[in-house]
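Reading through the structure tokens given below for one structure.
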Amino acid sequence: MDPFTTHTGTAAALRRNDVDTDQIIPSDWLKRVQRTGFGEGLFSEWRQDPSFVLNRVQGASVLLAGEDFGTGSSREHAVWALTDFGFRAVVSPRFGDIFRSNSLKGGLLPVQLPSDVVAALMDLVEADPAAPVTVDLGAREVRAEGIAASFELDDFTRWRLMEGLDDIGLTLRHEAEISAFEQQRPAFLPHV
Amino acid sequence: MGTTLAEKVWEAHLVRRAEGEPDLLYIDLHLVHEVTSPQAFDGLRLAGRPLRRPDLHLATEDHNVPTDLLADAGTADIADPVSRVQVETLRRNCAEFGVRLHPMGDAGQGIVHVIGPQLGVTQPGMTIVCGDSHTSTHGAFGALAFGIGTSEVEHVMATQTLPLVRPKTMAVTVEGSLPPGTTPKDLVLALIAQVGTGGGQGHVVEYRGQAFEEMSMEGRMTVCNMSIEWGARAGMVAPDDTTFAYLQGRPEAPQGDDWDAAVASWRTLRTDDDAAFDKEVVLDATTITPFVTWGTNPAQGVPLGDVVPDPQSLPAGGERDAAERALTYMGLTAGTPLREVAVDTVFLGSCTNARMEDLRAAADVLRGRRVADGVRAIVVPGSMLVKLQAEQEGLDRVFTDAGFDWRNAGCSMCLGMNPDTLAPGERSASTSNRNFEGRQGRGGRTHLVSPPVAAATAVTGRLTAPADLPPVQTGA
Ligand code: SF4
């Protein structure tokens, strides 16, 4: 995974609550067996509407979204679609749990900020679509003109993202502990 | 202070704990289907990593499979070439890595969350994951079961563990008994309408109280299944005699001495009296009535006897906007009684409501009745074994006599990945779990309902509860 330290780009404001992953990437796109090429399917239904934000705003790399972004289906394809389209971070007052953990594996930073801060960011980028927005993982802070808001992310995850480390590789360093655990699992557990 | 059921299962699977790091948890079972696994198998191959424990993975084909083929159909009969490749890829991957697979056409095939419990591989106290958000279904047995993404699928394949931050705990206590004519589906839809789509975010929920103690395993599965629809990481019910009776004798359940050891261990899986939850919700089961959704997320629901709500009655902002957009998408007008909403299609199926009890409840409504003219009605058993058992009980005849289509097992119209879809603008009453825009097919409009309401709706062509139907005329 590429390291994530700090990112500055323009942002798109998606003023909707409850954006489920079926909207982010509709299910007919999930039949593909590769990890690439999902950007085309991003919000493919909503993009039929010329007034949809991603048809009006080009080149944004930060997505500002309403409450409960990424609810529903566990499809990691939602993260692949957003990154393939060019997004590096999504800012929302609240995320679906599975979407959030998928993002943290897939190089898309989910940034949780209070509703009023997200609203202020949306107002800013709607007034000036060229306004730069910075997501600074080291400082755990989002900055834009007149706005500086800190967000929470545990130290371990932050370190892993900043170093661009592979989760599986990290876990395999504890192979001995995994094997030891396996020795004492109850005999009645199923093997299929 | 005591601990909760969820904490007990968590601690029992702890491989490693270190200050400032997520816990490393052992995963007892990984369920696999064709949609979310191919990129994970690819990842293993790319990194040259083996599948650590092939004996702890179980695969089936469900999302893409057409449900109207002959029982002995092969992948060549899947008309959509992209779907076909996905199913074939799963078969190749399972063969290469040594994973047990129940393919299309196999007697053990079915929706991933139906076959685990049916085989008895879903057991109390286990950790169970799957690249599928409705993995929460398995929590009905007192397992800690949750959906994961494809990167985590690969992690489990390579290490049989997951690094996880400990979730918060929540109790949903439902006092009293569900009234006759209502089902666990009505209960969970009412719960979600109350707490909202994000109400459970970050929490593992334990469902408890009289309503759950009295509930069958199948009902508990329906409720746990929909935990994700209100944002919960997982849902659990403490295992009890109902659980043990359901499991005993199933092919993969412990036998003999193992059974006794297992039950002794399972009986300890209870929240201690002095344990505290981070959050608690209390509901009164006796107030529950048949419930339906009117909008485009599962929290947008009301009792069937109500009218389509007026967005203006909601506080200005995100929630009102969402309601307005939902009404436009659904083609509904505020103030319309739900009972006057006409449907084109009735879908009885999905991992929420396609087990024996669901089919029996719907068949009870349909005996001696007919599907209304112009309504397309299909019933898709959750597994081939459910199908077989239903046929042995003669339920298939009840459905087909009434005018339902009787299908093979699969996800079918729960999501638009296979030939069973809604056409744009078409409206359904569906026993599935998601009424999202386009979920059942582009432009399709979904009302989530219980199996008895689905059956009664098929009879009248409008959203209907069984109690609304005139009695069946008997005799000539
Ligand atoms: S039936 Fe629906 S919810 Fe269940 S696994 Fe299949 S697609 Fe997912």
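Naming: A, B, ... by sequence-line order, numbering from 1 per chain. Predicted, not measured: the structure shown is a model, and the values here were computed from it.
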Open item on the list: Once rounded to the nearest 0.5 Å, what's the spacing between atom OG of A/Ser179 and atom CD of B/Gln160?
Closed with: 12.0 Å

Task: Between B/Gln39 and A/Trp80, a side-chain donor and acceptor under 3.5 Å - done: no

Open item on the list: Is it the case that the side chain of A/Glu177 and the backbone of B/Arg16 share a donor-acceptor pair, with hydrogens and angles ignored and the cut-off at 3.5 Å?
Closed with: no

TODO: Indicate yes or no: does A/Arg16 engage B/Glu324 in a salt bridge with an N to O separation below 4.0 Å.
DONE: no

TODO: Verify whether one side chain among B/Thr36 and A/Glu76 offers a donor that lies under 3.5 Å from an acceptor in the other.
DONE: no

Open item on the list: Within this structure, what is the CE-CG distance for the pair B/Met126 and A/Leu189, rounded to the nearest 0.5 Å?
Closed with: 6.0 Å

TODO: Identify whether the distance between the nearest side-chain nitrogen and carboxylate oxygen of B/Arg52 and A/Glu182 falls below 4.0 Å.
DONE: yes

Task: Short side-chain to backbone donor-acceptor contact, A/Asn102 and B/Gly149, under 3.5 Å - done: yes

Task: Electrostatic pair B/Arg49:A/Asp166 at N-O distance under 4.0 angstrom - done: yes

Open item on the list: Whether the side chain of B/Gln201 engages the backbone of A/Phe95 through a donor-acceptor N/O pair (distance < 3.5 Å, no angle test) should be reported.
Closed with: yes

Open item on the list: Would you call the rings of B/Trp266 and A/Phe188 parallel, tilted or perpendicular, taking 30° and 60° as the class edges?
Closed with: perpendicular

Table please: side-chain donor-acceptor pairs of residues 103-110 of chain A below 3.5 Å, with sequence neighbours left out.
from	atom 1	to	atom 2	distance (Å)
A/Ser103	OG	A/Phe99	O	2.9
A/Lys105	NZ	A/Asp167	OD2	2.3

Task: Residue among A/Gln34, A/Arg75, A/Glu67 with most heavy-atom pairs under 4.5 Å to chain B - done: A/Gln34

